[in-house]
Amino acid sequence: MATYNHKKIESKWQKIWQKNDFEIWHADYRAKEPKKYVLDMFPYPSGDGLHVGHVEGYAASDILSRYYRMRGFNVLHPMGWDAFGLPAENYAIKMKTHPRLVVEKNIKNFTKQLRSLGFSYDWQREINTTDPEYYKWTQWIFLQLFNKGLAYEAEVPVNWCLSCKTVLANEEVSNDKCGRCGAAVERKKLNQWMLKITAYADRLLEDLADLNWPEKVVEMQKNWIGRSEGAEIEFPVADSGLKVKVFTTRADTLAGATYLVLAPDHSLISLLDARIRNKNSVNEYIERTKRKSELERISDIKSKTGVELQGLNVINPFTRKEIPIWISDYVLASYGTGAVMAVPAHDDRDFAFAKEFNLPVIQVVSGDGLSGQEKEMKEAYTGEGIMINSGEFNNLPNHIARERIVEFVKGDKKVNYKLRDWIFSRQRYWGEPIPIIKCEKCGNVPVPEKDLPVLLPKVKNYQPTGEAESPLAAIKSWVNVACPVCGGPAKRETNTMPQWAGSCWYYLRYLDSLNKEAMAASVKEKYWMPIDTYIGGVEHAVLHLLYARFWHKVLFDIGAVSTKEPFQKLVNQGLILGSDGQKMSKSRGNVINPDAIIKEFGADSLRLYEMFMGPLEDAKPWQPEGIIGLYRFLGRVWKLISQKSKVKKSLLAGKQEKPDNSAALDRLLHKTIKKVGSDIENFHFNTAISALMILFNEMEHAKSAPLPDGSGNANAPMRKEYMEIFLKLLFPFAPHLAQELWSRLQSNRGSSVKSGQQSGNDGLLDKEPWPQYDEALILESEVELLIQVDGKLRDKILVAKGISQAEAEKIALSQTKIKEIMGDKKAKKIIFVPDRLINIVLL
RNA sequence: GCCAGAGUGAUGAAAUUGGCAAACAUGCACGACUCAAAAUCGUGUGCCGAAAGGCUUGUGGGUUCAACUCCCACCUCUGGCACCA
């Protein structure tokens with residue numbers, strides 16, 4: 001008998017599925033069935049090709065999609081390419097070729113790889129963010145942002161990557177390093193295009209509540225937005241008409257504010273320059289701060305530095321006392337007002353600073369055993385409590401005093417966010433041109449819609465200029481245009497959009513990828529949105545997922561989409577680590593190449609293994625020996641079911657099928673149908689596969705058992721119905737093998753049924769309904785009752801389901817084993833859990 | 001420091017509402033087949049013990065007839081944020 005030939009089977013079915021441009025998986029919005037939109041985070045088609053991490057998420061979404069189709073849903077499951085970005089551009093610079101050619105080549109390879117895995121994508125909807133027909137609409141959306149005042153130019157301090165030679169968004173920088181290349185990031189001031197994401201901060205925060213997302217991602221977005229409610233309070237500068245505004249969330253502690261701290265680049269310093277007595281040391285400190293990197297500043301968290309502005313004081317508006325002004329780098333110019341009132345008694349940072357420079361500490365909230373009578377506080381008290389040392393507010397709970405003190409000093413309630421506006425321009429070539437024309441007379445003029453897309457022109461040199469311009473600036477014929485408003489001489493914006501632009505709305509383009517009139521027809525958008533399930537890595541928690549939500553909300557506000565949020569449910573697949581438990585990386589040499597695995601074991605084994613490894617969302621190490629188990633499993637499935645045809649042909653007429661007698665197998669079958677279905681819906685693919693193995697092991701066992709009449713033909717065929725149901729359950733996980741065996745079973749229906757007529761489904765499992773289970777069959781008539789004595793398991797008995805407590809007690813107490821253990825002791829109490837256990841308590 | 005998540009055999013892991021800890025798979029050991037090896041199949045495999053039995057889910061305590069599961073404290077690891085006033 002032929003052994004399991006995965007290569008032959010997989011390429012055979014991939015060819016069949018490919019017919020008519022994958023018509024089999026093409027979804028139409030006019031279908032009568034209810035819809036499901038199952039989306040993968042589309043890949044950046046890198047030169048390294050597909051990673052086993054991609055396969056994990058894509059296998060999960062494919063299983064879900066195939067399952068939903070069999071359940072009768074109209075499933076949209078598309079794929080495309082997020083192809084703008086630096087790696088392609090850098091490679092192109094190195095190889096002196098056009099990035100488009102690099103991208104085309106990579107896409108070709110990715111396509112081949114994805115198809116070799118048998119993923120059921122609707123390839124007719126394939127998109128590519130670098131296709132002018134696609135980025136025409138990315139530019140169109142930018143214009144909508146511009147027209148709403150949400151895209152603006154500003155001179156701002158930016159993160160400049162010294163290696164990529166471009167600015168980066170705050171979200172792309174971590175620990176002062178470029179998130180992409182790891183090189184150092186420098187701060188400088190540049191004129192940049194900004195997107196006003198802060199205008200949506202509240203809605204981005206509030207609407208998280210309605211999403212079915214992992215708690216972790218929700219938390220990360222909340223922290224990133226960093227909403228904080230407080231008040232702005234003014235401190236008059238003594239002997240001057242000037243005032244310093246501070247932001248505080250603890251207005252209740254105002255009486256304890258014993259000094260003020262300004263960020264080193266606060267504007268007051270230059271305004272009152274003449275009155276500062278220690279100008280030299282102040283300037284020195286300011287210079288030193290500028291040179292300090294973010295990393296150095298963080299490592300200085302515990303030890304505080306600073307300089308007093310001698311000659312200047314402010315008046316505490318509550319106590320009316322004069323207090324000194326300091327500057328310190330622990331106060332950030334970019335947050336709040338760039339100035340804080342320091343309350344060392346109730347803030348850890350202020351406390352550390354006060355200790356460093358011997359500044360007075362005045363406790364104004366008592367609590368936690370601290371009454372304010374202690375000679376010296378050992379640390380700041382940041383908890384709740386009762387007001388002290390605060391005049392008329394004494395004895396009030398501090399949260400009530402907080403509101404009243406704001407009123408008392410005529411402060412303004414204020415909400416601050418950590419979220420900053422999105423720095424949107426990049427000084428690189430391989431991105432969407434920003435569709436703006438700069439006219440000396442008219443200013444920034446949007447490119448008229450009819451002129452979209454603004455095509456990315458060919459340049460001789462992709463090398464970044466290292467300046468505030470992209471390589472596009474060198475093409476005079478492209479840059480110089482007539483102003484669309486006044487017709488006068490004007491220049492195109494030469495910066496391009498960041499990598500994230502294209503992925504902010506790609507899920508909408510899939511709905512109507514060929515539309516030339518709109519980004520997507522409204523009728524299609526209304527039918528398909530929102531996305532029911534979005535699967536991808538957690539690394540986009542505050543990048544793509546925040547940016548896309550922002551754009552989506554803008555599109556919602558202008559009526560271009562009908563839902564507030566794009567991604568209803570989000571699932572993060574965990575990292576697949578190397579077999580050493582470390583993150584896979586080329587430098588560690590622990591990278592697994594999916595192509596090699598497919599070649600050796602087949603796509604079905606790879607899919608099955610990655611799903612069997614453990615819970616989808618967990619990080620888990622790749623075990624080189626692990627995949628063999630799944631390969632063996634599929635080999636046994638092949639053997640048992642393909643063998644049938646041979647035996648059947650050779651059997652004498654009249655020989656009956658194996659009755660697969662046992663009600664136990666029937667029960668297991670129906671239990672498995674139920675479990676596999678609910679496990680798929682809950683993303684418990686590992687236990688679904690384990691359930692399939694248990695069922696299959698039993699089927700195999702039943703097959704080799706002798707016939708009930710004792711004839712002992714261990715090779716009698718298995719009941720067809722069992723094998724059919726098993727193959728349907730296996731299909732979403734291992735589609736090639738299940739389909740091959742299914743078609744063999746169908747063609748072996750024998751001469752009584754003409755082939756191809758049996759189901760009208762072209763013999764394709766995709767079109768077969770998911771099996772139904774019978775709840776009545778799952779119920780057991782007998783149950784195993786556990787007998788415990790003092791909570792310890794001592795015996796098990798088989799009893800009729802629904803047995804009464806009295807009966808159960810009688811049986812349990814009559815067991816010899818139990819009698820021995822009990823001796824002459826009497827049961828004090830008996831706990832009975834129906835159909836589960838009986839616990840005899842002696843103690 | 002703050003936030004979130006996780007600690008179960010040699011390994012990946014499993015365990016409806018608190019109710020048989022270790023399903024399923026890998027690895028390993030032994031056996032069958034083979035001249036032999038691979039592949040395949042079978043048996044065994046948490047720990048201690050000859051057995052009876054006892055012990056076991058990061059540590060310590062608690063609630064309960066009964067705790068991997070609930071509560072308290074602590075330890076360790078992973079991810080995120082990091083002087084955000």
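Note that the coordinates shown come from a computational prediction; the quantities given were computed from them, not determined experimentally. Just so you know, these numbers use all the heavy atoms, side chains as well, and skip hydrogens, waters and symmetry mates. To find a chain, count down the sequence lines: A is the first, B the second, and so on, and within it residues start at 1.
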Between B/C30 and B/G79, how far apart are the C1' atoms? Round to whole Å, please. 44 Å
Look at the side chain of A/Lys639 and decide which nucleotide, out of B/U40, B/A85, B/C83, has an atom nearest to it. B/U40
Any base atoms under 4.0 Å from A/Asn697, or only sugar-phosphate, or nothing? Heavy atoms, all strands. sugar-phosphate
Would you measure the distance from the C1' atom in B/A13 across to the matching atom in B/C74 and give it in whole Å? 27 Å
Would you find a donor on one side and an acceptor on the other, under 3.5 Å apart, between the side chain of A/Arg420 and the backbone of A/Ala169? no
Assess whether one donor atom and one acceptor atom, taken from the side chain of A/Asn223 and the base of B/C81, lie less than 3.5 Å apart. no
Would you mind classifying the nucleic acid contact of A/Arg794 as base, sugar-phosphate or nothing, using non-hydrogen atoms under 4.0 angstrom? sugar-phosphate
Report which part of the nucleic acid A/Val331 touches: base, sugar-phosphate, or nothing (heavy-atom distance under 4.0 Å, all strands). base
Please state how far atom CZ in A/Phe633 lies from atom P in B/G12, giving the value in whole angstrom units. 23 Å
Euclidean distance for C1', B/A15 against B/U56 (whole angstrom): 16 Å
When you get a sec, tell me which of B/C3, B/A85, B/A14 is the closest nucleotide to the side chain of A/Val340? B/A85
With a 4.0 Å limit, can you tell me whether A/Tyr335 has a side-chain N or O closer than that to the phosphate oxygens OP1/OP2 of B/A85? yes
May I ask you to say what A/Arg636 touches in the nucleic acid, namely base, sugar-phosphate or nothing, with a heavy-atom cut-off under 4.0 Å? sugar-phosphate
Distance check: side-chain N/O of A/Lys829 vs OP1/OP2 of B/C65, anything under 4.0 Å? yes
Separation of B/C24 atom P from A/Lys675 atom NZ, nearest Å, is 13 Å
When the P atoms of B/C71 and B/U64 are compared, how many Å lie between them, rounded to an integer? 16 Å
Going by distance alone, is a donor N or O of one side chain under 3.5 Å from an acceptor N or O of the other, for A/Thr198 and A/Asp421? yes
Please answer whether the main-chain N or O of A/Val365 pairs with a side-chain N or O of A/Asn398 as donor and acceptor at a distance below 3.5 Å. no
Are a donor atom and an acceptor atom from the side chains of A/Asp350 and A/Tyr259 found within less than 3.5 Å of each other? no
Hey, can you tell me if A/Phe247 and A/Tyr335 have their rings parallel, tilted or perpendicular (30° and 60° cut-offs)? perpendicular
Would you kindly say whether A/Trp422 and A/Glu171 are connected by a side-chain donor-acceptor distance under 3.5 Å? no
Any side-chain N or O of A/Thr687 below 4.0 angstrom from OP1/OP2 of B/A23? no
Using the P atom as the reference point in each nucleotide, state the distance between B/U63 and B/U43 in Å, no decimals. 46 Å
As a quick check of understanding, evaluate side-chain contact (heavy atoms from CB on, under 4.5 Å) for A/Asp795 and A/Ile821, giving each step before the final call. CA-CA 11 Å; A/Asp795 208 355; A/Ile821 290 163; over 6 Å; no
Syn/anti label of B/G54 as read from its glycosidic torsion, with the cut at 90° from 0: anti
Among B/A23, B/G12, B/C83, which is the nearest nucleotide to the side chain of A/Asp329? B/C83
Using only heavy-atom distances, decide whether a donor-acceptor pair under 3.5 angstrom links the side-chain of A/Arg836 to the base of B/U17. yes
Donor-acceptor pair, side chain of A/Gln221 and main chain of A/Ala541, under 3.5 angstrom: yes
Identity of whatever pairs with B/A14 - Watson-Crick or G-U, under 3.5 angstrom: none
What's the CG-C1' distance between A/Asp347 and B/C2, to the nearest Å? 14 Å
Once hydrogens and angles are ignored, does a donor-acceptor distance under 3.5 Å link the base of B/C83 to the side chain of A/Lys304? yes
Between B/U56 (C1') and A/Leu793 (CG): distance, integer Å: 15 Å
Aromatic centroids of A/Phe601 and A/Tyr609 separated by under 6.0 Å: no
Same-atom distance (P) from B/U17 to B/U69, integer angstrom: 14 Å
Measure distances between side-chain N and O atoms of A/Gln788 and base N and O atoms of B/C20, and say whether any donor-acceptor pair falls under 3.5 Å. no
Base, sugar-phosphate, or nothing for A/Asp618, non-hydrogen atoms under 4.0 angstrom? nothing
Under a 3.5 Å limit on both distances, the Watson-Crick or wobble mate of B/A22 is none
Partner of B/C77 under the Watson-Crick or G-U wobble criteria, both distances under 3.5 Å, comes out as B/G5
Per atom distances to the A/Glu219 side chain, the nearest of B/C81, B/A4, B/C24 is B/A4
Pairing partner of B/C41, by Watson-Crick or G-U wobble and under 3.5 Å for both distances, is B/G31
Would you tell me whether A/Thr305 and A/Tyr285 have side-chain atoms, one donor and one acceptor, within less than 3.5 Å of each other? yes
Quick check: closest heavy atoms across A/Lys304 and A/Ala352, and the distance to 0.1 Å? CG-CB, 4.1 Å
Regarding A/Ile831, tell me which of base, sugar-phosphate or nothing describes its non-hydrogen contacts under 4.0 Å with the strands shown. base
For B/U69, the Watson-Crick or wobble counterpart (both distances under 3.5 Å): none
Just the rounded figure in Å: distance from C1' of B/C81 to NZ of A/Lys222. 15 Å
Pairs under 3.5 Å (N/O, protein and nucleotides 26-28 of chain B):
{"from": "B/U26", "atom 1": "OP1", "to": "A/Arg632", "atom 2": "NH1", "distance (Å)": "2.6"}

Could you work out the separation of B/U26 and B/A36 based on their P atoms and round it to a whole Å? 25 Å
For B/A50, give its Watson-Crick or G-U wobble partner with both distances under 3.5 Å, or none. none
Using a heavy-atom cut-off of under 4.0 Å over every strand shown, decide if A/Lys620 touches base, sugar-phosphate, or nothing. sugar-phosphate
Just how far, in rounded Å, is C1' of B/A52 from NZ of A/Lys817? 11 Å
Find the partner of B/A82: check Watson-Crick (N1-N3 plus N6-O4 or O6-N4) and G-U wobble (N1-O2, O6-N3) distances, both under 3.5 Å, and reply none if neither fits. none
Roughly how far apart, to the nearest Å, are B/G49 and B/C55 at atom C1'? 11 Å
Map A/Lys792 and A/Tyr417 onto RNA chain B by nearest heavy atom, then report which one ends up closer to the 5' terminus. A/Lys792
